[in-house]
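Values reported hereafter were calculated over all heavy atoms of this structure, with side chains retained and with hydrogens, waters and symmetry mates removed. Residue numbering restarts at 1 for every chain, and letters A, B, ... go by the order of the sequence lines.
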There are 2 protein chains.
Amino acid sequence: MKTDPSETSGIPTAEQVRLDTARDAFVSQWGTIGSAWGINRTMAQIHALLLIRPEPLTTDQVMGELRISRGNAHTNLRELAGWGLVRGVIRKGERKEYFEAEKDVWKMFCIIIRERKRREIRPAINVLKDCIERADGLKSPEALAFTRQARALSEFMEMADGVLSKVVRSERNSIIPWALRFLK
Amino acid sequence: MKTDPSETSGIPTAEQVRLDTARDAFVSQWGTIGSAWGINRTMAQIHALLLIRPEPLTTDQVMGELRISRGNAHTNLRELAGWGLVRGVIRKGERKEYFEAEKDVWKMFCIIIRERKRREIRPAINVLKDCIERADGLKSPEALAFTRQARALSEFMEMADGVLSKVVRSERNSIIPWALRFLK
DNA sequence: TTCTATTTTCAGTAAATACTGAAAATAGGA
DNA sequence: TCCTATTTTCAGTATTTACTGAAAATAGAA
């Protein structure tokens, strides 16, 4: 990873090396963390890269920094934009698109929760309800055990979903102080 | 999926078919949900299967229900036991091991949160701190942007981690009523 | 309109992940 | 002790997922 502005003298300073090492570690590890949570490694790495860069980057810069193909960079940038974690910016006079990440950690958190709710939690709840309906009216002990368990899961998830909705709707300035107080 | 006790008459009743269909849907969908969250499909399916069965199952029964190999069943049962979501039970007089899932949804939730904290959140926080240290003392604007962002992430995650710890330590009987009140 | 920088797509391929099945190890019963 | 039901391991293979690179499409400039 190169310190991008005017890399003119061939030899980087010790400071640059140290920064690049730290950034590389961050990008690489963020990728690993992402994949533990079902997010593709490259997508997480691009996200990390944009998070720690003060300036927006082009597709080509992302390709260069992470040594990935155009197609890969493109697809994952679009995917990140789909989540709302990254947005495209067009600079006046320039034709190509730049990308920047949402830097505000609270906003980032809200986006991720909202999207996970929409993409994973709600569908899961619907599936549960559907399964419960399918077994509706059955009387065997096996059927009752099934329905009981499915209902418990569904109710719990509804509750969790509701709590998350409310947290995410609340203001950063009301939740964070609450959390800090809660921790004491 | 067969209604297990004494499947003697070859032809299943309409009720049995309906239950089996509902259970199959549940197992299959729980697998899909799991994989969206970074959990291997089979492991999630075995978990689902054990969740909705009132009686513990043997490795062979799991293999039969899900049509998977012994190695696969074995590995994923062990993995589930590693999470604490499933435990082995040995019936007196019998030599083989049976497996049953933790059925209580609140306990399940706590186990999952605790394990995710331990396996994913804490390591991620450590990585962040490590990256911040690596860039410590650097003064360039690029370095400051990096450090600032990494610190914000790390602080947020510490806070979230703390909140989760406290939630998970609390009693079901204090948190669930709280959540229901919170939702109103 | 043409020209070209840029974005988008996608068939083919590579890499990562999960699974099988059989052999080896283990542990209770006699 | 030996015998065998059961568990565990793991090399080989299959499946899924991610990536490449080049061709096609698009859209601003002239």
Whichever of A/G71 and B/G71 has the more 5' nearest nucleotide on DNA chain C, that residue is A/G71
Ignoring backbone atoms, establish whether B/H74 has a side-chain N or O less than 4.0 Å from OP1 or OP2 of D/dT8.
-> yes
Checking A/E102 side chain against A/D104 main chain: does a donor-acceptor pair fall under 3.5 Å?
-> yes
Presence of salt bridge, B/E158 and B/K117, under 4.0 angstrom = no
Respond yes when some side-chain nitrogen or oxygen of B/N72 is under 4.0 Å from OP1 or OP2 of C/dT20, and no when none is.
-> yes
Nearest-nucleotide pick for A/R95, side chain only, options being C/dG29, D/dA18, C/dT4 = C/dT4
Among D/dT7, C/dT7, D/dT20, the one nearest B/K96 by side-chain distance | D/dT7
Which of A/E65, A/E100, A/Q61 passes side chain to side chain donor-acceptor pair (under 3.5 Å) with A/R53? It is A/E65
Compare side-chain N and O positions of B/N40 against OP1 and OP2 of C/dC19 and report whether any pair is under 4.0 Å apart.
-> yes
Please report, rounded to the nearest Å, how far the P atom of C/dT9 is from the CG atom of A/N76.
-> 14 Å
Rounded off to whole Å, could you give me the CG-to-P distance for the A/L77 and C/dT8 pair?
-> 10 Å
Can you tell me the distance, in whole Å, between the CZ atom of A/R67 and the C1' atom of D/dT20?
-> 16 Å
Measure from the side chain of A/T42, starting at C-beta and using heavy atoms only, and say which of D/dC19, D/dT7, C/dT8 lies closest.
-> D/dC19
Heavy atoms under 4.0 Å, any strand shown: does A/R41 hit a base, just sugar-phosphate, or nothing?
-> sugar-phosphate
Rounded distance in Å - CD (B/E97) to P (C/dT26) = 16 Å
Roughly, in whole Å, what's the span from CD1 in B/I46 to P in C/dA18?
-> 13 Å
Could you tell me how the ring of A/W178 sits relative to the ring of B/W178: parallel (under 30°), tilted (30 to 60°) or perpendicular (over 60°)?
-> parallel
Rounded to whole Å, the CZ-P distance (A/F99 to C/dT6) equals 13 Å
Closest to the A/S69 side chain: D/dG21, C/dT17, C/dT9?
-> D/dG21
Could you tell me whether a side-chain N or O of A/N76 sits under 3.5 Å from a main-chain N or O of A/N72, the two making a donor and an acceptor?
-> yes
Spacing of B/R70 atom CZ relative to D/dT9 atom P, expressed in whole Å | 14 Å
To the nearest Å, give me how far apart CE (B/M43) and P (C/dT17) are.
-> 15 Å
For C/dT8, does OP1 or OP2 lie under 4.0 Å from any side-chain N or O of A/R78?
-> yes
